[in-house]
Amino acid sequence: TNPCGRVARFACIAALLCCCGFVPREKHAGQTQANELEGVYVVGTLYKCGHNVVVVWENGVPKQLTDKKGYALAEAVSVCGGDVYVAGNVYDADRRHSKATVWKNGVPQVLETGEAASSRATAMVVSDADVYVAGLVYGDTTMATLWKNGVPQSLPDGEDGSVDAIAVSDGTVYVTGMAFRDGTGTSAMLWCNGMPTDLGNEWYPDGINVDGANVHNECFPDGISVDGADVYITGWFLKYDYDKGADGHAVLWKAGEFRELSLLPGISYFLGPVMIVSDGHVYAAGQMDWRTAMVWKDGKTIPLSRPAGK
């Protein structure tokens with residue numbers, strides 16, 4: 001078991017606030033004062049007067065991490081051994097370049113990028129006091145990158161792609177994202193300790209392998225969870241047919257002893273995903289058709305009801 005605990009991520013956009021990560025922790029021993037947010041850490045971005053400020057809420061109390069006159073975006077939060085880590089990006093004055101940054105207990109560390117002018121953190125996990133950040137480095141090409149304790153490692157086959165989620169299990173580091181493929185769109189990617197596996201982009205709901213000059217396939221992985229030897233990745237698959245238009249579906253990859261892809265039913269587009277594997281069951285959550293919140297348990301669709309009057 002990771003002593004740093006499991007990190008859950010969510011995304012919500014409001015008029016003034018974007019929250020992009022939270023971590024629940026156990027209540028302190030002997031505590032008597034009631035606080036519904038005790039042990040809860042939330043990180044987000046506060047928008048005000050054209051500027052963005054990264055804020056972390058500890059037990060419901062906000063702490064500002066960046067200057068009110070600057071522009072920054074938060075991406076993830078993790079808590080390990082009493083230390084609070086926040087990953088995000090700090091932009092220069094004209095917002096053309098950003099620097100991937102990790103704050104440990106409020107103290108920023110800009111992640112190393114060599115001679116590259118810009119970088120972006122997209123995901124983070126802390127395991128056994130090691131801080132892993134996935135993101136992109138922008139140089140002559142856009143390179144998928146994994147930082148361990150601030151030291152970068154370029155991910156093979158990660159040129160001009162993206163990285164979107166990270167997990168660590170039993171010392172193995174898993175990163176998922178996408179890579180561009182000339183003439184066929186994008187492929188889902190999984191890196192295990194830096195070694196790439198192309199999960200492909202050749203599936204479609206009717207089970208027919210899509211191929212043709214007028215078809216363009218896109219895969220967008222954005223969540224990862226590990227259960228024993230099995231790695232689960234959620235995301236969505238988009239088929240763009242130049243004659244018929246676009247059609248998208250939520251997907252679940254299982255990469256282990258065997259590789260398979262399942263299309264989650266009842267979905268057109270998959271937004272705001274959260275995934276967790278517990279007791280052998282795979283739970284995914286997201287948004288359907290821009291209106292309906294959904295949960296999938298082992299691939300079964302469970303719509304979430306709206307509050308009364310909404």
Side-chain angles (χ1 to χ4, degrees), residues 7-13 18-23 42-45 52 54 56 65-66 71-78 85-91 95 97-103 108-113 116-127 130-139 141-168 173-180 186-192 194 196 199 218-226 231 233-236 270-275 286:
V7 177
R9 300 186 64 217
F10 70 93
C12 70
I13 299 177
C18 176
C19 296
C20 59
F22 75 91
V23 178
V42 180
V43 68
T45 304
N52 289 11
V54 172
V56 60
L65 299 182
T66 56
Y71 190 90
L73 296 173
E75 293 290 344
V77 62
S78 188
Y85 299 85
V86 173
N89 303 288
V90 178
Y91 290 76
R95 304 181 189 177
H97 301 292
S98 62
K99 293 294 185 181
T101 302
V102 171
W103 291 264
Q109 176 194 4
V110 176
L111 300 182
E112 180 184 336
T113 58
S118 191
S119 59
R120 183 165 66 95
T122 56
M124 178 184 65
V125 66
V126 181
S127 177
D130 290 319
V131 182
Y132 300 88
V133 178
L136 301 171
V137 171
Y138 302 96
T141 62
T142 300
M143 178 60 67
T145 301
L146 172 67
W147 288 269
K148 179 180 179 180
N149 299 325
V151 179
Q153 171 193 358
S154 297
L155 296 175
D157 292 341
E159 297 90 348
D160 296 322
S162 70
V163 286
D164 300 286
I166 184 171
V168 178
V173 183
Y174 302 89
V175 178
T176 188
M178 70 174 184
F180 285 95
T186 62
S187 282
M189 296 292 297
L190 171 66
W191 290 271
C192 298
L199 300 178
E218 304 281 357
C219 289
F220 301 94
D222 40 28
I224 189 168
S225 187
V226 182
V231 182
I233 298 171
T234 52
W236 58 289
F270 192 45
L271 303 172
V274 176
M275 180 182 58

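Owing to the predicted nature of the structure, the values given are computational and were not obtained by experimental measurement.
- Rounding to the nearest 0.5 Å gives a distance of 11.0 Å between OG1 of Thr122 and CG of Asp222.
- Across every non-hydrogen atom of Ala121 and Ala100, the tightest pair is N-CB, 3.5 Å.
- Atoms CE and CG, from Met178 and Asp160 in turn, are 10.0 Å apart once rounded to the nearest 0.5 Å.
- The residue from Val131, Val168, Val102, Val133 that alone fulfils the side-chain contact (heavy atoms from CB on, under 4.5 Å) condition with Val126 is Val131.
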| task | Kindly determine whether Ile166 and Val173 satisfy side chain to side chain contact (heavy atoms under 4.5 Å, CB included), including the steps that lead there. | result | CA-CA 7 Å; Ile166 184 171; Val173 183; 4.1 Å; yes
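- Using a 4.5 Å heavy-atom cutoff, the side chains of Tyr174 and Val226 are in contact.
- Rounding to the nearest 0.5 angstrom, the gap separating the OG1 atom in Thr66 from the CG atom in Asn89 is 11.5 Å.
- Tyr132 pairs by the ring pair (Phe, Tyr, Trp, His ring centres under 6.0 Å) definition with nothing, not counting sequence neighbours.
- Across Pro196 and Pro156, no two heavy atoms sit closer than the pair CB-O, 3.7 Å.
- Between Gln109 atom CD and Asn149 atom CG the span is 8.5 Å, to the nearest 0.5 Å.
- Side-chain atoms of Thr113 do not come within 3.5 Å of backbone N or O of Val137 as any donor-acceptor pair.
- Using a 4.5 Å heavy-atom threshold, the side chains of Ile224 and Leu190 count as touching.
- Closest heavy-atom contact between Ser118 and Ser98: OG-N, 2.9 Å.
- When all heavy atoms of Thr45 and Leu73 are compared, the pair lying nearest together is OG1-CA, 3.6 Å.
- Rounding to the nearest 0.5 angstrom, the gap separating the NE2 atom in His97 from the OH atom in Tyr138 is 12.0 Å.
- When all heavy atoms of Ala76 and Met124 are compared, the closest pair comes out as O-CE, 3.8 Å.
- When the options Asp157, Thr176, Leu155 are evaluated for a side-chain contact (heavy atoms from CB on, under 4.5 Å) with Met189, the one that passes is Asp157.
- Expressed to the nearest 0.5 Å, how far CG of Asn52 lies from CZ of Arg95 amounts to 6.5 Å.
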| message | Between Val90 and Trp103, does the side chain to side chain contact (heavy atoms under 4.5 Å, CB included) criterion hold? Intermediate values first, please. | response | CA-CA 11 Å; Val90 178; Trp103 291 264; 3.8 Å; yes
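- In plain terms, the two heavy atoms of Val43 and Ala74 that are nearest each other are CG2-CB, 3.6 Å.
- In this view, Pro152 and Glu112, Thr145, Trp147 satisfy the side-chain contact (heavy atoms from CB on, under 4.5 Å) rule, not counting sequence neighbours.
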